[in-house]
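Below you'll find the structure, written out as structure tokens, and then a few comments.
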Amino acid sequence: MGRRIGALLLWLVIIAALIVTIVPRFLDRIYYRGDPSGHFDGARFFNPDGDEDTVRPPTGRSRGGFLLRYLSGNDGRPPWPEHVAVTPVAPPDRVEGARMVATWVGHATVLVQTQGLNILTDPIWSEHAGPFGVGPSRVAAPGIAFDQLPRIDVVLISHDHYDHMDLSTLKRLWDRDRPRIVTSLGNDAVIGNVGVPATALDWGRRMTVKPGVDVVVTRNHHWGSRWFADRNRALWSSFVVTLPSGGNIFFAGDTGMGDGRWPAEAARYGPVRFAMLPVGAFRFGPGQMGIGSHMGPVDAVEVYRRLGAARAIPIHWGTFRLSWEGYDTPLRLLDAAMACTRQVGFARVELGQPTEIAPYARPSAVPEMPRATLLRCLDTPAVRALR
């Protein structure tokens with residue numbers, strides 16, 4: 001009996017060793033091959049402004065402990081609604097010329113219509129943000145039902161995380177509309193797994209989608225992975241869509257603040273008429289105001305200022321629960337931060353409600369408010385009560 005138990009334990013050790021050795025390599029993938037650059041070491045991509053803040057767990061504790069507490073719900077997080085009512089309005093089929101209409105669909109998905117083009121950012125219509133139909137589930141239905149979505153011409157994919165690269169939605173879009181899908185290096189290999197072609201570009205590269213309209217892939221501060229072992233095999237990005245009149249479009253994708261220089265880099269392509277900036281999934285414990293890979297409202301208002309944008313909407317909140325903060329904390333904190341910095345033009349829009357975006361008009365000059373000063377301004381009973 002003792003020999004059998006010993007043999008069983010030996011086999012268990014061997015199997016565990018094989019799993020540790022083989023499974024990560026099996027789950028790893030080579031999405032991109034190319035020469036080293038200022039953000040690619042020949043095997044994996046990296047943030048040129050440093051990766052320390054995207055590697056460590058958001059709470060500063062062990063990553064395994066964080067995941068266990070998060071998945072079990074045993075972290076004292078505030079409750080979220082199980083369902084949020086959405087009253088969608090069918091968007092127009094097309095918007096011609098310099099006129100622009102934007103409709104927030106949910107999370108980082110926005111339909112932007114201008115110049116006769118229908119542009120969709122990080123589309124996700126799935127019920128869950130994760131592999132094999134598991135992961136965080138929606139609390140809000142898409143602001144546009146898929147069947148009510150007009151024909152899509154251009155799709156922007158910021159990176160390979162499941163809540164931004166939803167392969168089932170991309171497959172549906174491709175089968176129906178054959179849109180031009182633009183992303184950053186390596187992500188085309190992932191999207192190609194479902195038979196959907198995409199154009200992958202490095203930071204600073206551009207693609208013309210029609211005369212006078214280019215999509216430029218631009219830097220932000222994040223990371224990528226589908227299976228953990230394939231971390232940073234594909235690049236992450238933001239985007240500028242240059243337009244012939246009325247000002248440009250900026251989609252930040254998913255990003256932390258990093259060195260904070262990337263908004264000005266995007267603004268060099270021309271005045272930003274309309275920006276889509278993430279404000280959610282920034283709090284993984286009480287009192288946090290941002291993490292390395294996700295900026296919260298405190299940083300987002302400074303990004304808005306550095307872009308010199310005339311108008312912005314907050315995205316990446318209120319659809320999938322990805323972090324600790326309360327459901328409406330990002331919006332309430334954004335309103336407070338905008339009031340502290342005396343800026344205007346960056347405020348929520350309702351899910352599924354087409355919003356007219358006026359042509360670019362230079363915003364009033366607002367001096368930079370140091371982060372510490374802004375935090376002192378926000379140190380009020382109302383803000384301290386936010387969870």
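By convention here, the first residue in the shown sequence is residue 1.
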Quick one: do Glu302 and Arg305 make a salt bridge, cutoff under 4.0 Å?
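A salt bridge links Glu302 with Arg305.
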
Ion pair present between Arg231 and Asp51, side-chain N to carboxylate O less than 4.0 angstrom?
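Answer for the salt bridge query: no.
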
Check whether any side-chain heavy atom of [X] lies under 4.5 Å from a side-chain heavy atom of [Y], and answer yes or no.
| X | Y | result |
| --- | --- | --- |
| Phe346 | Thr341 | no |
| Asp166 | Thr109 | no |
| Met295 | Leu277 | yes |

Same cluster or not: are Ile191 and Trp236 linked, directly or through other Ile, Leu, Val, Met, Phe, Trp or Tyr residues, by side-chain heavy atoms under 4.5 angstrom apart?
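Different hydrophobic clusters.
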
Is there a path of hydrophobic side-chain contacts, each under 4.5 Å between heavy atoms of I/L/V/M/F/W/Y residues, joining Ile157 to Val240?
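No.
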
Main chain of Phe46, side chain of Asp41: is a donor-acceptor contact present, judged purely on distance under 3.5 Å?
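No.
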
Do the two ring centres, one from Phe45 and one from Trp223, sit under 6.0 Å apart?
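So the answer is no for these two rings.
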
For the residue pair Trp227 and Phe132, is the inter-centroid distance of their aromatic rings smaller than 6.0 Å?
yes

Taking atom CZ of Arg178 as the centre, report whether more than 12 heavy atoms of other residues, nucleotides or ligands fall under 6.0 Å from it.
yes

Check the surroundings of atom CZ in Arg33: do more than 12 heavy atoms from other residues, nucleotides or ligands lie under 6.0 Å from it?
no

Within 45 degrees of the ring normal and closer than 6.0 Å to the centroid, is that where the cationic atom of Arg176 sits relative to Phe146?
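Judged by the rule (NZ or CZ under 6.0 Å from the ring centre, within 45° of its axis), Arg176 counts as positioned above Phe146.
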
Distance to the ring centre below 6.0 angstrom and angle to the axis at most 45 degrees; does that hold for Arg233 and Tyr32?
no

What's the shortest heavy-atom distance between Arg348 and Leu331, and which atoms?
CB-CD1, 3.1 Å

Which residue, Asp254, Thr121, Asn187, forms the side-chain hydrogen bond (donor to acceptor under 3.5 Å, both in side chains) with His164?
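For His164, the side-chain hydrogen bond (donor to acceptor under 3.5 Å, both in side chains) check succeeds only for Asp254.
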
Taking distance alone, no hydrogens or angles, what donor-acceptor pairs closer than 3.5 Å link side-chain atoms of residues 81-95 to residues at least two apart or in another chain?
| from | atom 1 | to | atom 2 | distance (Å) |
| --- | --- | --- | --- | --- |
| Arg94 | NH1 | Gly116 | O | 3.0 |
| Arg94 | NH1 | Asp153 | OD1 | 3.3 |
| Arg94 | NH1 | Asp153 | OD2 | 2.3 |
| Arg94 | NH2 | Asp153 | OD1 | 3.4 |

